[in-house]
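Side chains are part of it too, since the values below use all heavy atoms of this structure and drop only hydrogens, waters and symmetry mates.
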Amino acid sequence: MASEEFQSNLQNLAQPPAPLPQYPEMIMGAIEALNEKNGSNKSAISKHIEATYGNLPPAHSTLLTHHLNRMKSAGQLVFLKNNYMKPDPDAPPRRGRGRPPKPKTHQPPGVVAASPRPRGRPPKPRDPNSAPPPAKPKATSNVSGRKRGRPPKSAAAAAPAAPPPASGGPPRGRGRPPKVKASATAPVGA
């Protein structure tokens, strides 16, 4: 008798558990079975799935949340007042956020598409019969004789000789000197 029970237990262990259906199928089945007027919330869907299918993965709540969000964004479920429900078949399709894409025009094969408009401002329209405009004369009316803009640095101006320090200490570095702390200048033990 004990050997018969052992044999039946061994056969039960050898059989793999029945495979679970996909999460979207389980979610839709739970919403249909619950058949609530305002839809079903996530905890009610989860409890129904747990009661119907006993051997769920340990990450069941994470998987359920992921699939509910995916089905909601795909339009398979409608989320309203913290409840999920099947979309109304008579309702117009829900448009996504942002501007809709422009419709693409399909051209027959072999037709080369025209290049898009070039960048920049288009040239002014010209009369094809008129002569080309005269070249602009270069402005050489520098009164002082110097070039425009900042003059380039010369080697002598690039490394001016620093005056020797007046106190005889080390030469001063670049930038603002550090702030002198008051505690360093106060006499100790006064």
Side-chain angles (χ1 to χ4, degrees), residues 12-142 146-153 175:
N12 288 343
L13 291 175
Q15 294 175 351
L20 287 173
Q22 298 292 320
Y23 263 86
E25 294 173 21
M26 291 193 287
I27 292 169
M28 291 303 258
I31 291 173
E32 289 171 0
L34 292 169
N35 196 20
E36 295 177 0
K37 178 185 170 190
N38 295 329
S40 306
N41 61 14
K42 186 168 93 171
S43 61
I45 294 170
S46 178
K47 286 178 185 175
H48 184 273
I49 290 174
E50 289 171 0
T52 308
Y53 309 98
N55 52 350
L56 294 172
H60 164 68
S61 62
T62 307
L63 287 168
L64 180 67
T65 303
H66 169 73
H67 285 284
L68 282 170
N69 287 338
R70 243 173 86 189
M71 292 173 75
K72 178 177 68 172
S73 63
Q76 296 172 345
L77 290 178
V78 176
F79 186 68
L80 185 65
K81 295 185 180 176
N82 211 21
N83 289 335
Y84 295 92
M85 60 184 84
K86 293 172 82 174
D88 186 19
D90 299 332
R94 193 169 149 244
R95 208 171 65 81
R97 292 177 58 183
R99 185 176 184 166
K102 290 183 178 179
K104 295 185 178 180
T105 57
H106 297 288
Q107 296 180 347
V111 175
V112 178
S115 64
R117 193 177 75 193
R119 292 178 59 185
R121 185 174 182 165
K124 291 182 179 177
R126 287 193 323 170
D127 184 19
N129 298 332
S130 67
K136 290 184 180 178
K138 289 190 176 183
T140 56
S141 62
N142 279 348
R146 285 191 268 169
K147 294 181 182 177
R148 290 178 54 191
R150 186 181 183 121
K153 286 187 174 181

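Summarising the geometry, atom CE belonging to Met26 is positioned 8.0 Å from atom NE2 belonging to His67; distances are rounded to the nearest 0.5 Å. A distance of 7.0 Å separates CZ in Arg121 from NZ in Lys124, rounded to the nearest 0.5 Å. Rounding to the nearest 0.5 angstrom, the gap separating the OG atom in Ser43 from the CD atom in Glu50 is 10.0 Å. Rounding to the nearest 0.5 Å places NZ of Lys47 at 11.0 Å from CG of Leu34. Of the inter-residue distances, the one linking Lys42 atom NZ with Phe79 atom CZ reads 9.0 Å to the nearest 0.5 angstrom. Atoms NZ and CG, on Lys81 and Asn38 in that order, are 7.5 Å from each other to the nearest 0.5 Å.
Closest heavy-atom contact between Leu63 and Pro57: CD1-CG, 3.8 Å. Closest of all the heavy-atom pairs between Pro87 and Gly75 is CG-O, 3.6 Å. Closest of all the heavy-atom pairs between Asn41 and Ala44 is OD1-N, 2.9 Å. When all heavy atoms of Ser130 and Asp127 are compared, the closest pair comes out as OG-O, 3.0 Å. Between Ala30 and Ile45, the closest heavy-atom pair is CB-CG2, 4.0 Å.
In terms of the ring-ring contact (aromatic ring centres under 6.0 Å, His included) criterion, residue partners of His60 (sequence neighbours excluded) are, by chain and number, Tyr23. Considering only residues two or more places apart in sequence or on other chains, Ala33 meets the side-chain contact (heavy atoms from CB on, under 4.5 Å) condition with His48. In this structure Tyr53 satisfies the ring-ring contact (aromatic ring centres under 6.0 Å, His included) test with no other residue, sequence neighbours excluded.
The shortest distance between side-chain heavy atoms of Ile31 and Tyr84 falls below 4.5 Å. Counting heavy atoms from C-beta on, the side chains of Met85 and Lys37 never come closer than 4.5 Å. At least one side-chain heavy atom of Leu77 sits under 4.5 Å from a side-chain heavy atom of Ile27. Residues Lys86 and Glu32 meet the side-chain proximity criterion, which asks for heavy atoms closer than 4.5 Å.
Thr52 places no side-chain N or O within 3.5 Å of a backbone atom of Ile49 that could act as its donor or acceptor partner.
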